[in-house]
Amino acid sequence: MSAHTGRSSAVTVVGLGPMGRTLAAAFLDAGLATTVWNRTPGRDTDLTARGAVAAASPEEAVAASPLTVVCVVNYDASDAVLRQEAVTSALKGRTVVNLSADVPGRARDTAEWAARHGVRYLDGAIMTPTPTIGTDDAVFLHSGPRELYEEHRPVLAALGGTHTHLGEDPARAAAYDIALLDIFWTAMAGYTHALAVARAEGVTGAELAPFAQGIAAILPPLFTEFAADTDAGTYSGELNPITSAVSTMAHVVHASEAHGIDASLMRVIEGQARRVVARGHGSDGYTRVADVITGR
Ligand SMILES: NC(=O)c1ccc[n+]([C@@H]2O[C@H](COP(=O)([O-])OP(=O)(O)OC[C@H]3O[C@@H](n4cnc5c(N)ncnc54)[C@H](OP(=O)(O)O)[C@@H]3O)[C@@H](O)[C@H]2O)c1
């Protein structure tokens with residue numbers, strides 16, 4: 001129970017950006033008493049209209065519940081809130097689940113800070129956009145003490161979707177997040193570039209999209225195959241050697257630049273593949289790039 005308000009909640013949400021507001025709404029939908037706080041006032045109107053309690057300060061917010069879910073832009077922002085003396089002191093013996101995104105090192109550093117201050121800490125990452133929250137499509141990753149995760153799982157389950165505990169290392173959720181964001185952003189960059197090149201050739205986005213989806217459908221089995229190949233270090237190029245792949249990369253560069261379209265991303269991709277060939281691995285598959293870019 002909060003010393004300041006005399007009220008108690010099942011969960012507190014700190015950070016009411018698009019994602020934080022959606023998380024708080026999902027807790028309310030599940031019938032959980034929810035306290036909310038945001039640095040900039042006024043972002044909680046819809047939530048308080050639905051029964052959420054607006055805390056007047058972050059220390060009041062975290063003191064209201066045994067569990068605080070933090071969802072702010074990054075760990076500089078979560079530090080700015082959690083490491084205020086009054087907040088840290090109110091958190092002693094309580095649990096923080098930090099669902100803000102950042103790099104693995106920041107997750108580890110926050111877990112160490114939490115341990116030093118008697119704050120029970122789980123790190124996490126949200127892998128799907130706001131409309132999925134509260135539905136079966138939401139994907140949450142968690143890392144940190146398993147016992148703590150099991151203890152708070154029933155409340156976290158109110159957010160819907162699948163929750164996966166990845167291990168005790170607090171940085172593991174962030175490590176997965178970074179790798180998955182790497183896939184997402186390079187895919188988005190590739191598709192956006194493709195739309196620009198197609199447009200320059202008089203092909204509309206609507207005309208290209210069904211075929212783009214065909215390319216996307218090829219990827220899931222390749223993800224599994226490439227993962228096995230990389231784990232085993234086999235880099236099989238039997239069906240598609242990198243010498244052949246590299247020439248199609250050059251076609252993208254030339255076609256783009258003929259239209260004055262920046263092809264620097266594909267130039268980098270082509271350059272990495274050419275380094276593989278130059279090192280005598282031309283008959284290997286594309287996954288050999290993973291070795292070359294890590295200096296192996
Ligand atoms: N939106 C999505 O679809 C999505 C999907 C997956 C993961 N995520 C992750 O979820 C997190 C939150 O995302 P979001 O969509 O809600 O929007 P966001 O723009 O990433 O974060 C906005 C929130 O961060 C707060 N904030 C920023 N700087 C702060 C500071 N110095 N001190 C305290 N609070 C600060 C903002 O407070 P003010 O209102 O005061 O500025 C606001 O509550 C991010 O890490 C994002 O990567 C989002």
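Ligands are counted one by one from 1 in listed order, and the atoms in each one are counted from 1 as well.
The contact shell of ligand 1, taken as protein residues with any non-hydrogen atom closer than 4.0 angstrom, comprises Gly15, Leu16, Gly17, Pro18, Met19, Gly20, Asn38, Arg39, Thr40, Arg43, Cys71, Val72, Val73, Ala77, Val81, Ser100, Ala101, Ile126, Thr128, Pro129, Thr130.
Note that the OG1 atom of Thr192 and the CH2 atom of Trp185 stand 8.5 Å from one another [nearest 0.5 Å].
Judged by distance alone, the side chain of Thr128 and the main-chain N or O of Val139 form a donor-acceptor pair under 3.5 Å. Formation of a donor-acceptor pair under 3.5 Å by the Arg108 side chain with backbone atoms of Pro104 is not found in this model.
Side-chain contact check for Tyr75 versus Val103: every heavy-atom pair is 4.5 Å or farther apart.
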Salt bridge (Lys or Arg N to Asp or Glu O under 4.0 Å) assessment of Arg288 paired with Asp291 = CA-CA 6 Å; Arg288 174 65 83 171; Asp291 268 9; 3.2 Å; yes

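Residue-environment remark: CD (Glu150) exceeds the threshold of 12 foreign heavy atoms within 6.0 Å.
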